[in-house]
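In this chain, residues are counted from 1 in sequence order. Below, all heavy atoms of this structure are taken into account, side chains as well, without hydrogens, waters or symmetry copies. Here the structure is a predicted model, which means the values were calculated and not measured.
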Amino acid sequence: MGIQEKPPTRPRRYRGVAAGERVTERRRQFIESGLSCFGTRGYHPVTVRDLCTEARLTERYFYESFKDREALFAAVYEHLIEELRRDFMAAAVPCAPDLSGMARAGLGVFYRRLQQDPRIARMLLVEVLTVSQEMEQRAQSATFGFGDLLKQMTLAALPQNVRPKEDMDLMATGLIGCCVHIAMRWSADGYRQPLSTVIDTAMSLFEGTIRQLGAASGH
């Protein structure tokens with residue numbers, strides 16, 4: 001008789017939930033905890049114990065998913081950036097090829113999200129610049145990434161035979177930087193100005209660029 005093979009072992013389940021799913025759920029809880037703690041108190045005063053208390057999980061589970069506080073901060077930051085990118089595209093793409101409509105829809109997503117949840121504004125605009133050099137580099141990469149996205153969407157909306165003489169990398173990154181600094185001032189002022197004023201102010205910068213691109217395309 002041949003050696004009987006053992007059946008493959010199945011992942012252990014606890015109360016009907018697989019181990020991998022439990023790890024994923026705990027990670028999600030810590031990301032929510034990080035947004036709550038870092039977004040309201042800042043990065044430096046918050047301890048691992050604070051994060052665990054907020055998540056209602058033990059430190060053992062914290063270190064299961066994150067090396068340290070900065071690793072969690074980075075995970076929260078990347079999660080917020082990815083959500084913004086997804087929602088920006090969902091709002092702007094249906095307006096193509098109307099560049100003004102695309103810009104207004106995308107700006108509306110960005111500024112409305114910051115106003116609705118000031119924790120996000122604090123994470124993205126303030127705290128990320130105080131954590132470490134690595135997190136500053138992440139913030140720079142996020143700005144460049146949105147600049148690249150804006151460039152790609154703009155070129156896709158222009159006629160195929162039009163290639164602007166301006167450096168689109170610099171132009172797009174400059175527009176994103178302007179939007180970010182408007183957001184910084186707006187949040188620092190306690191969102192005193194109406195949302196519509198903020199969007200219109202940012203749109204004035206985009207409209208100048210759009211007119212230039214229109215001239216280049218002969219429209």
Side-chain angles (χ1 to χ4, degrees), residues 23-57 59 61-92 106-153 169 172-191 195 198 202:
V23 172
T24 299
E25 173 60 18
R26 288 193 290 267
R27 181 180 174 86
R28 183 194 65 78
Q29 288 176 254
F30 275 118
I31 287 177
E32 290 183 357
S33 168
L35 175 59
S36 178
C37 293
F38 298 140
T40 55
R41 296 172 52 195
Y43 173 75
H44 294 283
V46 173
T47 66
V48 170
R49 180 173 293 181
D50 294 332
L51 294 162
C52 292
T53 299
E54 180 69 23
R56 298 184 178 181
L57 293 168
E59 291 190 24
Y61 290 129
F62 177 89
Y63 291 108
E64 171 186 67
S65 296
F66 304 101
K67 181 178 69 173
D68 50 26
R69 288 182 309 142
E70 184 172 337
L72 174 57
F73 186 97
V76 178
Y77 181 82
E78 295 298 341
H79 174 75
L80 295 175
I81 290 296
E82 182 55 37
E83 280 193 335
L84 273 177
R85 182 184 179 91
R86 180 196 66 207
D87 294 346
F88 176 88
M89 292 186 66
L107 289 170
V109 165
F110 177 56
Y111 291 119
R112 193 172 293 110
R113 179 68 59 81
L114 300 184
Q115 185 184 48
Q116 289 174 345
D117 194 343
R119 299 176 306 171
I120 296 176
R122 183 166 183 173
M123 287 278 301
L124 298 184
L125 304 178
V126 180
E127 296 303 322
V128 69
L129 303 177
T130 74
V131 176
S132 67
Q133 185 176 4
E134 181 180 342
M135 285 309 306
E136 285 189 65
Q137 291 172 347
R138 281 180 182 264
Q140 183 183 75
S141 295
T143 300
F144 291 171
F146 274 101
D148 291 342
L149 177 61
L150 180 59
K151 169 190 169 182
Q152 293 162 11
M153 294 174 71
D169 288 321
T173 303
L175 286 171
I176 295 298
C178 289
C179 293
V180 169
H181 281 273
I182 288 172
M184 285 179 171
R185 180 58 187 264
W186 187 41
S187 62
D189 287 344
Y191 306 97
L195 175 63
V198 177

*Please collect all salt bridge (Lys or Arg N to Asp or Glu O under 4.0 Å) contacts where either partner lies in residues 176-185, sequence neighbours excluded, each pair once.*
Arg185-Asp189

*Pairs satisfying salt bridge (Lys or Arg N to Asp or Glu O under 4.0 Å), at least one member in residues 31-48, at least two apart*: Arg28-Glu32, Arg41-Asp50

*Take Ser187 and Leu114, measure what side-chain contact (heavy atoms from CB on, under 4.5 Å) needs, and give me the verdict at the end.*
CA-CA 8 Å; Ser187 62; Leu114 300 184; over 6 Å; no

_Asp148: which residues meet the side-chain hydrogen bond (donor to acceptor under 3.5 Å, both in side chains) condition with it, sequence neighbours left out?_
none

Show every donor-acceptor pair shorter than 3.5 Å between a side-chain atom in residues 64-79 and any protein atom, with sequence neighbours excluded, or say none if there are none.
residue : atom : partner : partner atom : Å
Glu64   : OE1  : Arg26   : NE           : 2.9
Glu64   : OE1  : Arg26   : NH2          : 3.3
Glu64   : OE2  : Arg26   : NH2          : 2.9
Asp68   : OD1  : Glu70   : N            : 3.3
Asp68   : OD1  : Ala71   : N            : 2.9
Arg69   : NH1  : Tyr43   : O            : 2.9
Arg69   : NH1  : Val46   : O            : 2.7
Glu70   : OE2  : Ser132  : OG           : 2.7
Glu78   : OE2  : Arg138  : NH1          : 2.8
His79   : NE2  : Glu83   : OE2          : 3.4

*asked:* Can you list everything that forms a side-chain contact (heavy atoms from CB on, under 4.5 Å) with Glu59? Sequence neighbours excluded, please.
replied: Val48, Arg49, Cys52, Tyr63

*Between Gln137 and Gln133, is any pair of side-chain heavy atoms under 4.5 Å apart?*
yes

*What pairs meet the salt bridge (Lys or Arg N to Asp or Glu O under 4.0 Å) rule with one or both residues in residues 116-133, with sequence neighbours excluded?*
Asp117-Arg119, Arg122-Glu127

Please tabulate, for side-chain N and O atoms in residues 106-113, each donor-acceptor pair with protein atoms closer than 3.5 Å (sequence neighbours left out).
residue : atom : partner : partner atom : Å
Tyr111  : OH   : Cys179  : O            : 2.9
Arg112  : NH1  : Gly108  : O            : 3.2
Arg113  : NH2  : Asp87   : OD2          : 2.3

*Is it true that atom NE2 of His181 has more than 12 heavy atoms of other residues, nucleotides or ligands lying nearer than 6.0 Å?*
no

*asked:* If you compare all heavy atoms of Met123 against all heavy atoms of Leu80, which two are closest, and at what distance to 0.1 Å?
replied: CB-CD1, 4.0 Å

*Could I get the full list of side-chain contact (heavy atoms from CB on, under 4.5 Å) partners for Thr143, not counting sequence neighbours?*
Thr173, Ile176

*asked:* I need the Glu136 CD to Ser141 OG distance, nearest 0.5 Å.
replied: 11.5 Å

*Listed partners of Tyr191 passing ring-ring contact (aromatic ring centres under 6.0 Å, His included), at least two apart*: Trp186

*Just jot down the side-chain hydrogen bond (donor to acceptor under 3.5 Å, both in side chains) partners of Gln115, sequence neighbours excluded, or say none.*
none

_Between Phe38 and Leu51, is there a side-chain heavy-atom distance shorter than 4.5 Å?_
yes

